[in-house]
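Here is the naming used below: chain letters follow the sequence lines, and residue numbers restart at 1 for every chain.
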Number of protein chains: 2
Amino acid sequence: MKPVSKTSPPGRIKIMTSFSTLMGTKDFQSITIAEIAKNAGVTEGLIYKYFKDKKDLLYQVLCQHFAGFLSLVQDRTAAENSCIAKLEAIVSASLESYNQNRVFARILLLEVRNSPAYFDSCAYAMVKKYSRLIREIVCDGIAKKELKPDTDPFLLQKVILGAIEHTCLKQVIFDRELDVQAASSGIINIVSYGVKK
Amino acid sequence: MKPVSKTSPPGRIKIMTSFSTLMGTKDFQSITIAEIAKNAGVTEGLIYKYFKDKKDLLYQVLCQHFAGFLSLVQDRTAAENSCIAKLEAIVSASLESYNQNRVFARILLLEVRNSPAYFDSCAYAMVKKYSRLIREIVCDGIAKKELKPDTDPFLLQKVILGAIEHTCLKQVIFDRELDVQAASSGIINIVSYGVKK
DNA sequence: TTTTGTAAGTAAGTTTTACTCACCTTTTGT
DNA sequence: ACAAAAGGTGAGTAAAACTTACTTACAAAA
């Protein structure tokens, strides 16, 4: 079996980009296999040579997008020293990516979580890496006495991830622009210092 | 045209409860109309007498669940005086409801947001009420100098809602129990005082 | 009491769409 | 050179969502 590289079977590439393009204008459910094939200039049968089913195509496209996203996040955090600065880097890099790549954001935030198969996909494996990264930064911050010692790393990770997602959710759904800078510094401010007077 | 009450057409009730039950064991996509009809003891055709399509059935079932949830949240917040106490009431009531009613939680958090029609449904209208309630409490807290004056009500609302959802997401997806008390006080603690030492 | 109009419910289609399978064609390793 | 494997095709299948023409129950008006 030949390795599946980023450029190898032209058909595979065409199918994935065709699908990605279609996801820019409509939701997963209303995109048909016939449409994907026609748009890619291949036959329906070929799609099933490279993808188990329609959802597998979705997961693999997400996986590709997420790979780029994850390495961006890793680079940005590595460039920062303090725990808070690292967390702000994650928040802003995430919001920036979701803002710039709406297809990626819509797949990740709206289209995959509903089916069990997703949680066995390579895309979800990357999501786990991403959330583990946040948790590790938090743990490190506690160890270095930058964060309060009673902070629950799991809970804080969830609060940050939830904040990121919900902050851009409306913009992603209704295709509106997001002020990434304002939102990320706002989130970090709330999480760092709290809102109570 | 007769009014559609909570008990009126037996068929309608049977369809909705049948669907709700099925949602307890499998996801929306893999539930078929035939299955719903058989389980309810009615014919497939009847479903389309009361519901525009399969998704409309989903939205109406969510709407019913959400109505009860919303009034619980309203009651709990009305019983508190301070802004922080009201917010904690919202967080704990939400987590409690999601923990107890998994069908409701899974529909709301995983199954509806992917299709545009949802945002015109009566269910989404209630979600808007719910998030507006949070925002109003925040605004009130700022006005009463309980919260910092530079707090952005929209952003804080999103952070809280995101924190709620992400905190129970894993538990809802993988059907695990959630420590509602610990989670809600943890969230309120982070949002109130921050995590920075 | 009969009529009549409407809501409740049925049963047998139709159509769409994801998916399959048997078959060609091109490339590649030995 | 040639077998084997990968790339690609096109017609066909099955299942599931949705339609439509129909019947039955039932309440209020005449």
Side-chain angles (χ1 to χ4, degrees), chain A residues 1-23 25-62 107 111-112 114-118 121, chain B residues 1-23 25-62 107 111-112 114-118 121:
Chain A
M1 199 160 75
K2 262 196 177 174
V4 174
S5 87
K6 222 164 229 169
T7 50
S8 59
R12 206 186 111 98
I13 309 299
K14 279 192 282 179
I15 290 162
M16 289 179 83
T17 54
S18 158
F19 174 70
S20 235
T21 308
L22 287 168
M23 279 294 299
T25 56
K26 45 172 88 177
D27 58 308
F28 181 68
Q29 187 61 243
S30 43
I31 294 171
T32 70
I33 293 289
E35 211 175 354
I36 298 166
K38 191 182 171 186
N39 204 283
V42 300
T43 57
E44 292 187 34
L46 190 64
I47 293 174
Y48 293 92
K49 275 273 150 65
Y50 298 115
F51 308 97
K52 207 184 130 279
D53 52 24
K54 198 182 156 191
K55 270 177 187 163
D56 185 42
L57 169 57
L58 178 71
Y59 302 149
Q60 290 202 39
V61 166
L62 174 59
I107 295 177
E111 299 284 8
V112 290
N114 50 22
S115 48
Y118 165 63
S121 75
Chain B
M1 198 162 71
K2 261 192 178 174
V4 173
S5 87
K6 221 166 229 173
T7 51
S8 60
R12 206 186 111 99
I13 309 298
K14 279 192 284 180
I15 291 164
M16 287 180 86
T17 55
S18 159
F19 175 71
S20 233
T21 307
L22 286 168
M23 278 296 298
T25 57
K26 47 172 87 179
D27 58 305
F28 180 67
Q29 185 62 240
S30 43
I31 296 172
T32 70
I33 293 289
E35 212 175 354
I36 299 166
K38 193 182 171 186
N39 204 284
V42 300
T43 56
E44 290 187 37
L46 191 64
I47 293 174
Y48 293 93
K49 275 272 150 66
Y50 298 117
F51 308 98
K52 203 183 133 282
D53 52 25
K54 201 182 153 192
K55 270 177 187 162
D56 184 42
L57 168 58
L58 177 71
Y59 302 148
Q60 290 202 37
V61 166
L62 174 59
I107 295 177
E111 300 284 9
V112 291
N114 49 24
S115 48
Y118 165 63
S121 74

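Atom CD1 in A:Ile47 sits about 12 Å away from atom C1' in C:dT17, given to the nearest Å. Summarising the geometry, the separation between CG on A:Leu46 and C1' on C:dC19 is reported as 14 Å, rounded to the nearest angstrom. Rounded to an integer number of Å, the gap from B:Asp56 CG to D:dT19 P is 12 Å. Atoms NZ (A:Lys14) and C1' (D:dT9) sit 13 Å apart, rounded to a whole Å.
Remark: A:Lys49 is not in phosphate contact with D:dG8, judged by side-chain N or O atoms under 4.0 Å from OP1 or OP2. The shortest distance between the side-chain N/O atoms of B:Tyr50 and the OP1/OP2 oxygens of C:dA7 is not below 4.0 Å. OP1 or OP2 of D:dC18 lies within a sub-4.0 Å distance of a side-chain N or O belonging to B:Tyr48.
Residues A:Arg12 and A:Ile15 form no side-chain contact, since every pair of their non-hydrogen atoms from C-beta on lies 4.5 Å or further apart.
Listed in residue order, the members of residues 28-36 of chain B having a heavy atom less than 4.0 Å from DNA chain C come to none.
Heavy atoms of A:Gly11 sit under 4.0 angstrom from primed sugar atoms or phosphate atoms, though from no base atom.
In terms of the side-chain hydrogen bond (donor to acceptor under 3.5 Å, both in side chains) criterion, B:Ser18 has no residue partners (sequence neighbours excluded). Listed by chain and number, the residues in a side-chain hydrogen bond (donor to acceptor under 3.5 Å, both in side chains) with B:Asp56 are B:Gln60 (sequence neighbours excluded). Partners of B:Ser121 according to the side-chain hydrogen bond (donor to acceptor under 3.5 Å, both in side chains) rule, which considers only residues two or more places apart in sequence or in another chain, do not exist here.
At its two ends the helix from C:dT1-D:dA30 to C:dT30-D:dA1 runs along axes set 0° apart, each axis drawn from five pairs and the angle rounded to 10°.
The cationic atom of B:Lys54 (NZ for Lys, CZ for Arg) does not lie both less than 6.0 Å from the six-membered ring centre of B:Tyr48 and within 45° of the ring axis.
Residue B:Tyr50 comes nearest to B:Gly11 through the heavy atom pair CE1-C, 4.5 Å, listed as atom of the first residue, atom of the second, then distance.
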Donor-acceptor pairs are to be reported for all side-chain atoms of residues 29-37 of chain B against protein atoms at under 3.5 Å, with residues two or more places apart or in another chain.
{"unit_1": "B:Ser30", "atom_1": "OG", "unit_2": "B:Asp27", "atom_2": "O", "d": "3.2"}
{"unit_1": "B:Ser30", "atom_1": "OG", "unit_2": "B:Asp27", "atom_2": "OD1", "d": "2.6"}
{"unit_1": "B:Thr32", "atom_1": "OG1", "unit_2": "B:Glu35", "atom_2": "N", "d": "3.0"}
{"unit_1": "B:Glu35", "atom_1": "OE1", "unit_2": "B:Thr32", "atom_2": "N", "d": "3.2"}
{"unit_1": "B:Glu35", "atom_1": "OE2", "unit_2": "B:Lys26", "atom_2": "NZ", "d": "2.8"}

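Comparing atom distances between the A:Pro10 side chain and each of D:dA17, D:dG8, C:dC19 picks out D:dG8 as nearest. Of the candidates C:dT10, C:dA8, C:dA18, C:dT10 carries the atom nearest the B:Val42 side chain, counting heavy atoms from C-beta on.
A:Tyr59 pairs with exactly one of A:Tyr118, A:Phe51, A:Phe28 by the ring pair (Phe, Tyr, Trp, His ring centres under 6.0 Å) rule, that one being A:Tyr118.
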